[in-house]
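The next block holds one structure in the form of C-alpha cells; read it before the comments.
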Amino acid sequence: MKRLIVGLGLSLATAAGAAPDPKNWDAVLDEAKGQTVYWNAWGGSTATNDFIRWAGDQVASRYDVRVEHVKLSDTADAVARVLAEKTAGKDEGGAIDLIWINGANFAAMKDNGLLFGPWAGDLPNWHYVDVAGKPAVVSDFTVPTEGLESPWAMAQVVFYYDTARLPEPPKSMPALLDWARANPGRFTFPQPPDFLGTTFMKQALYGMVADPAVLQQPVEDVDYDAVTAPLWAFLDELTPNLWRQGRAYPQTGPRQIQLMADGEIDLAISFSPGEASTAIANGQLPDTVRSFVLDGGTIGNASFVAIPYNANAKAGAMVLADFLLSPEAQARAQDPSVLGYGTVLDLAKLGADDRARFDALELGIATLSPENLGPALPEPHPSWMTRIEADWQARFGTAQ
C-alpha cells in the first residue's frame, strides 16, 4: 500500500489562482457545492470501502459534495500521478483531490512540494482533535504535519488469535519465534511492501534494538547494518516456519482473516485494535478470536488525508476532511461493527450528546480496553520503512 516515491527534486508549490481559505468556512462551503472529490484511498478492505461510501453519502446530502472513491492498492500510485502532473506543468485541475496517506509517502510529498496547505488546523472540527494527548496527529512518522494533512483515525498494532486452537499466545518476538518453530505454518504476515508486513518488521526491530531512540533518526545517520543485523537473523529463522514455509504470503491484512477463518493460521497481525471484533461482528471470524499486544508496547500512528497542491476540488476535499473529524463520523469509525478504528478526538472536549455516541459503543469481545492496549510506540523515521522494505525484498521477496 505504501511504496515510496523519492528523489523528486521539487520545491514547495502552491496552486495557481485563489485557493479556498478554511478560515472563511462559509466561503469554502459555497465553493464546494457541486464539486466532485476524487478521494484516492486504499481499497483493500470491504469495511473501509463501506465507511468511505457512507461518508460520501453524508457530505453529498448535507453539502452537495460528491465523493468518488478511487481505490488504491498502493498509495505511491497516487503520489506518482501528482508528480507526473507536476512534471507536465498541470498546476491546476489535477485528477486527485484527496489522498489517504501517511509515513514515507507524506514525507516525500511534503519535501517535494506536492501538497496544498497549510489548511488542516483551520477546519471547524479541528478544535476537537486531541493534539496534547495524541501527538501522532501532528507528527507523521516523526515528520511534522504542519497543517498539510488532517488526521481521521488512530491505529495501534495488535495481534489476534483463535483461543480454540491457541490458548496462550506468544507475547514477545523471541517467544513468537519459539512458538513458530514448534507450530510451523501457523503464522504469517502480509507480503511487503504491504504496509502491515513492513510494520511487522519494524515491530520486531523495536524488540531487538538496544536503544529504540535510534529508530527516530534517519537510517543514514546510524549504523544501519549493525542495528538491523538481529532483525535479519530473526527472520532467517522465522521464515521457513511461516505459512507455506515463507514461499508465499497474503497480499493484504484482510487476507489473514480468511486464512484464520479457514483454519490455516492461528495468529495474525493488525493495525486496528478493533479489527478482530469487526470481523466477528461481520461473521468473518468465530467468536473465540481475541486480541493481544506484545510486552513493552506496540507501534501506533494516525491515518491522515492530504490535498495535492493542484487538486481540482480543494474546497470539497476540505469539507470531506472536516466531516471525517466530526464526532458523528469518528464514533461511527470506532464502532467495531463498522471499522473499529481509534478516534483522533479528545472526548473531554465533546458536548453531552456527542460524548454519548462514544459511551454507547460496545467495542466488542475481541477489543482490548485502552488500559490493556498499553503504550503506543512511535513510528520510526520514514527512511526505516523504505530501507527495510527494499532489504526484505532482496533477501526474502517472493511472488504468488
Side-chain angles (χ1 to χ4, degrees), residues 25 29 37 39 41-42 45-63 65 67 69 98 100 102 120-121 123-138 149-156 158 160 254 270-284 291 300-305 317-373 376:
W25 194 245
L29 292 175
V37 175
W39 184 5
W42 182 58
S45 163
T46 300
T48 303
N49 296 343
D50 289 345
F51 176 81
I52 290 174
R53 186 180 305 110
W54 171 83
D57 290 343
Q58 301 309 306
V59 298
S61 63
R62 302 177 193 194
Y63 306 109
V65 174
V67 176
H69 180 191
L98 197 68
W100 175 3
N102 66 358
L123 296 176
N125 284 322
W126 181 264
H127 71 279
Y128 292 127
V129 176
D130 190 3
V131 175
K134 298 170 182 172
V137 300
V138 291
E149 58 180 357
S150 177
W152 72 281
M154 295 298 297
Q156 186 171 338
V158 297
Y160 57 93
S270 174
F271 222 140
S272 172
E275 181 169 31
S277 289
T278 300
I280 292 170
N282 294 337
Q284 296 171 290
S291 302
N301 69 25
S303 287
F304 296 87
V305 289
M318 284 192 281
V319 169
L320 175 56
D322 187 63
F323 177 74
L324 293 174
L325 288 178
S326 68
E328 177 185 0
Q330 288 286 300
R332 185 176 180 87
Q334 191 166 14
D335 186 337
S337 68
V338 179
L339 282 180
Y341 287 176
T343 182
V344 302
L345 305 185
D346 180 352
L347 300 188
K349 295 180 179 180
L350 303 184
D353 290 345
D354 285 329
R355 179 61 184 264
R357 298 178 187 270
F358 292 88
D359 292 341
L361 292 176
E362 293 289 342
L363 296 184
I365 58 174
T367 304
L368 298 172
S369 67
E371 295 77 17
N372 290 329
L373 191 58

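These numbers were taken from a predicted model, which means no experiment stands behind them.
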Can you name the closest pair of heavy atoms from [X] and [Y] and give their distance?
{"X": "Tyr160", "Y": "Ala276", "result": "CB-CB, 4.0 Å"}
{"X": "Val344", "Y": "Pro151", "result": "CG1-CB, 4.0 Å"}
{"X": "Arg332", "Y": "Val338", "result": "O-CB, 3.3 Å"}
{"X": "Ala321", "Y": "Val305", "result": "CB-CG2, 3.9 Å"}

**Q.** Listed partners of Tyr341 passing ring-ring contact (aromatic ring centres under 6.0 Å, His included), at least two apart
**A.** Trp152
Is any side-chain heavy atom of [X] less than 4.5 Å from a side-chain heavy atom of [Y]?
{"X": "Leu368", "Y": "Pro273", "value": "no"}
{"X": "Ser150", "Y": "Leu324", "value": "no"}
{"X": "Leu339", "Y": "Thr48", "value": "yes"}

Q) What pairs of residues pass the salt bridge (charged side-chain N to carboxylate O under 4.0 Å, His left out) test when at least one of them lies in residues 46-55, not counting sequence neighbours? A) Asp50-Arg53
Q.
Per the salt bridge (charged side-chain N to carboxylate O under 4.0 Å, His left out) rule, what does the pair list look like for residues 342-355, sequence neighbours excluded?
A. Asp354-Arg357, Arg355-Asp359
Q: Identify, with sequence neighbours excluded, every residue that meets side-chain contact (heavy atoms from CB on, under 4.5 Å) alongside Gln58.
A: Trp54, Arg62, Phe323, Glu328
Q: For Ala41, enumerate each residue passing the side-chain contact (heavy atoms from CB on, under 4.5 Å) test, keeping only those at least two apart in sequence or located in another chain.
A: Trp39, Ile52, His69, Trp100
Could you go through residues 128-137 and list every donor-acceptor pair under 3.5 Å that involves a side-chain atom there, pairing it with any protein atom two or more places apart or in another chain?
{"residue": "Asp130", "atom": "OD1", "partner": "Gly133", "partner atom": "N", "Å": "2.8"}
{"residue": "Lys134", "atom": "NZ", "partner": "Thr343", "partner atom": "O", "Å": "2.6"}
{"residue": "Lys134", "atom": "NZ", "partner": "Leu345", "partner atom": "O", "Å": "3.2"}

Q.
I'd like to know if the side chain of Ser277 reaches the main chain of Thr367, judged simply by a donor and an acceptor atom lying under 3.5 Å from each other, with no hydrogens or angles considered.
A. yes
Q: Indicate yes or no for a side-chain donor-acceptor contact from Asn102 to the backbone of Phe304 under 3.5 Å, with no hydrogens or angles considered.
A: no
Q) In Å, rounded to the nearest 0.5 Å, how long is the span from CE of Met154 to CD of Gln334? A) 11.0 Å
Q: Measure the spacing between CH2 of Trp126 and CG of Asp322 and express it to the nearest 0.5 Å.
A: 11.0 Å
Q | Audit row: Leu320, Val65, side-chain contact (heavy atoms from CB on, under 4.5 Å) steps and yes/no | A | CA-CA 8 Å; Leu320 175 56; Val65 174; 5.7 Å; no
